[in-house]
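All values derive from a computational prediction rather than experimental measurement. What's counted below: heavy atoms across the whole structure, side chains too, no hydrogens, waters or symmetry copies.
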Amino acid sequence: MNEFLAYAAMALPEMLQGTVITLKLTAGALLIGILIGLPLSLVRVYGGKLLQPFCSAYLTLFRGTPLLVQLFVVYYGLPELGISFSRMTAAFLTLGCNSAAYQCEYFRGAIQAVSKGQMRAARGIGMSKLQGIRHIILPQALRLVIPAWSNEFIAMVKYTAIVFLIAVPDLMSRAKILSSQNFAPIQTYILVALIYLVLVGTLSLGLHFVQQRLAVPGFDFGQDAR
C-alpha cells in the first residue's frame with residue numbers, strides 16, 4: 001500500500017493534467033452534441049417527410065458505426081480528401097458529432113413527452129408554431145430531458161478515453177506514458193480507475209441535484225407521450 005501511495009503521489013500531478021484535457025473534451029463534445037442534436041430533434045418531430053430522411057441518415061451513420069472507426073476516419077481518412085484536423089479538433093468533432101446522434105433521441109423523447117394539447121393551446125392564443133415550440137414546448141422539454149441526458153454526460157467522460165489512440169494527451173495517454181516509463185501498469189491503471197470513479201461520482205451527484213431542482217412537478221417523463 002505504501003508503495004502505491006508513493007507512486008500515486010509521484011504520478012498524480014501529471015495525471016491531473018490529463019484529467020483537465022478529459023474534462024475539456026467532455027464539455028466540448030457535449031456542447032457540439034447539443035448544438036447539432038437539438039435542431040435535429042426538432043426536425044425529427046416537426047420537420048415533415050422532406051427533412052426527416054436526412055436526420056435518419058445522420059443518426060444511422062453515427063449510431064450504426066463504432067466510435068473508434070469514426071475517429072480514425074476523421075483523423076486519418078479525411079486528410080486523403082484534403083481535409084486535415086489537429087488531434088484535438090478531430091477528437092472534439094468526432095465525439096461531438098457522435099454525441100449529437102444520441103442527444104437528438106433524448107431531446108426528441110422529451111419533446112414528444114409534452115402533450116400535443118399544449119401546442120394546440122399555444123396556437124389557439126395566436127402563437128405561431130415556432131413561437132409555441134420556443135415558449136411552450138422547449139422550456140418543458142429541456143427540463144424533462146435532464147435524467148436521460150445525464151446518462152450521455154456520464155458516458156461521455158468515459159468515451160473520451162478513446163482519443164489516446166490518436167495521441168491526444170488526455171488522462172489515458174498520460175497513464176500510458178507513465179506506465180511505460182515506470183514499468184508500473186497495475187499501479188497506473190488502478191490510479192486511472194480511481195480518478196474516473198471520482199469524476200463520475202461527483203458528476204452524478206451534481207446532475208442529480210440539478211435534476212431535483214429542475215424537475216417538473218407532477219410530470220412523469222414519458223407518461224404523457226404521444
Side-chain angles (χ1 to χ4, degrees), residues 4-5 7-37 58-59 61-79 84-106 147-208 210:
F4 175 74
L5 293 177
Y7 180 76
M10 181 277 294
L12 203 53
E14 187 164 347
M15 285 200 174
L16 289 180
Q17 292 179 21
T19 304
V20 172
I21 301 295
T22 293
L23 290 175
K24 286 181 178 178
L25 285 169
T26 301
L30 290 172
L31 179 60
I32 293 171
I34 291 173
L35 293 176
I36 298 174
Y58 183 93
L59 299 184
L61 176 63
F62 282 98
R63 297 177 69 190
T65 56
L67 180 58
L68 177 61
V69 172
Q70 296 164 21
L71 181 65
F72 280 4
V73 167
V74 171
Y75 187 65
Y76 295 114
L78 290 183
S84 298
F85 297 110
S86 67
R87 292 183 175 88
M88 284 296 289
T89 303
F92 276 123
L93 284 177
T94 305
L95 292 169
C97 291
N98 181 276
S99 179
Y102 291 92
Q103 292 194 52
C104 169
E105 290 301 88
Y106 294 141
W149 188 83
S150 298
N151 294 328
E152 179 67 12
F153 196 135
I154 299 303
M156 184 54 67
V157 175
K158 294 175 283 185
Y159 288 161
T160 58
I162 201 171
V163 303
F164 93 95
L165 291 169
I166 59 171
V168 172
D170 73 326
L171 176 57
M172 280 300 294
S173 289
R174 305 272 183 175
K176 184 181 178 185
I177 293 170
L178 283 168
S179 174
S180 300
Q181 288 176 341
N182 298 286
F183 303 103
I186 296 298
Q187 295 93 326
T188 302
Y189 291 113
I190 287 176
L191 190 54
V192 169
L194 291 174
I195 292 173
Y196 273 114
L197 282 174
V198 170
L199 282 179
V200 170
T202 304
L203 290 171
S204 296
L205 287 175
L207 289 167
H208 180 71
V210 172

### Query
For the residue pair A101 and L59, what are the closest heavy atoms and their distance?
O-CD2, 3.4 Å
### Query
Looking only at heavy atoms, what is the nearest atom pair of E152 and Y106, with distance?
CB-CE1, 3.6 Å
### Query
Below 4.5 Å, heavy atoms only, C-beta onward: do L207 and I154 meet side chain to side chain?
yes
### Message
Rounded to the nearest 0.5 Å, what separates atom CZ in R63 from atom CG in N98?
### Response
10.0 Å
### Task
Could you go through the side-chain contact (heavy atoms from CB on, under 4.5 Å) check for L95 and L67 one step at a time?
CA-CA 8 Å; L95 292 169; L67 180 58; 3.9 Å; yes
### Query
What distance do Y159 atom OH and T26 atom OG1 have between them, rounded to the nearest 0.5 Å?
12.0 Å
### Query
When rounded to the nearest 0.5 angstrom, what is the spacing between CG in D170 and OG1 in T22?
4.0 Å
#### Entry: Parallel, tilted or perpendicular: ring planes of W149 versus F153, cut at 30 and 60 degrees
perpendicular
### Audit row: S99, I32, side-chain contact (heavy atoms from CB on, under 4.5 Å) steps and yes/no
CA-CA 8 Å; S99 179; I32 293 171; over 6 Å; no
### Task
Rounded to the nearest 0.5 Å, what's the gap from CD on Q181 to NZ on K176? Could you check?
12.5 Å
Compile the donor-acceptor pairs under 3.5 Å between side chains in residues 188-205 and protein atoms, sequence neighbours left out, one pair per line.
from	atom 1	to	atom 2	distance (Å)
T188	OG1	Y7	OH	2.6
T188	OG1	A184	O	2.6
T202	OG1	V198	O	2.7
S204	OG	V200	O	2.8

### Task
For residues M10 and N182, determine if any side-chain heavy atom of one lies less than 4.5 Å from a side-chain heavy atom of the other.
yes
### Task
For T94 and A90, indicate whether the former's side chain and the latter's backbone hold a donor-acceptor pair under 3.5 Å.
yes
### V74, L25, V168, L31 screened by side chain to side chain contact (heavy atoms under 4.5 Å, CB included) with F92, the one that passes
L25
### Query
Is there a donor-acceptor pair closer than 3.5 Å between any side-chain N or O of Y102 and the backbone N or O of G37?
no
### Message
Show, in sequence, the C-alpha distance, side-chain angles and deciding distance for Q103 and L30, and conclude whether the side-chain contact (heavy atoms from CB on, under 4.5 Å) test is met.
### Response
CA-CA 9 Å; Q103 292 194 52; L30 290 172; 3.9 Å; yes
### Query
Does any N or O in the side chain of S179 come within less than 3.5 Å of the main-chain N or O of A175, such that one atom is a donor and the other an acceptor?
no
### Message
How long is the straight-line distance from CG of L61 back to CD of Q70, given to the nearest 0.5 Å?
### Response
6.5 Å
#### Entry: Taking every non-hydrogen atom, the tightest pair across V157 and T160
O-OG1, 2.7 Å
#### Entry: E14 side chain to R174 backbone, donor-acceptor under 3.5 Å
no
### Query
If every non-hydrogen atom of S173 is compared with every non-hydrogen atom of P169, which pair is closest and at what distance?
CB-CA, 3.9 Å
### Closest non-hydrogen atom pair between F85 and Y75, with its separation
O-CE1, 3.6 Å
### Message
Determine whether I166 and F72 satisfy the following criterion, side-chain contact (heavy atoms from CB on, under 4.5 Å), listing intermediate values before the conclusion.
### Response
CA-CA 8 Å; I166 59 171; F72 280 4; 4.2 Å; yes
### Query
Of the non-hydrogen atoms in Y58 and A100, which two are nearest, and what is the gap between them?
OH-CB, 3.6 Å
#### Entry: Exceeds 12 heavy-atom contacts within 6.0 angstrom, atom CD1 of I186
no
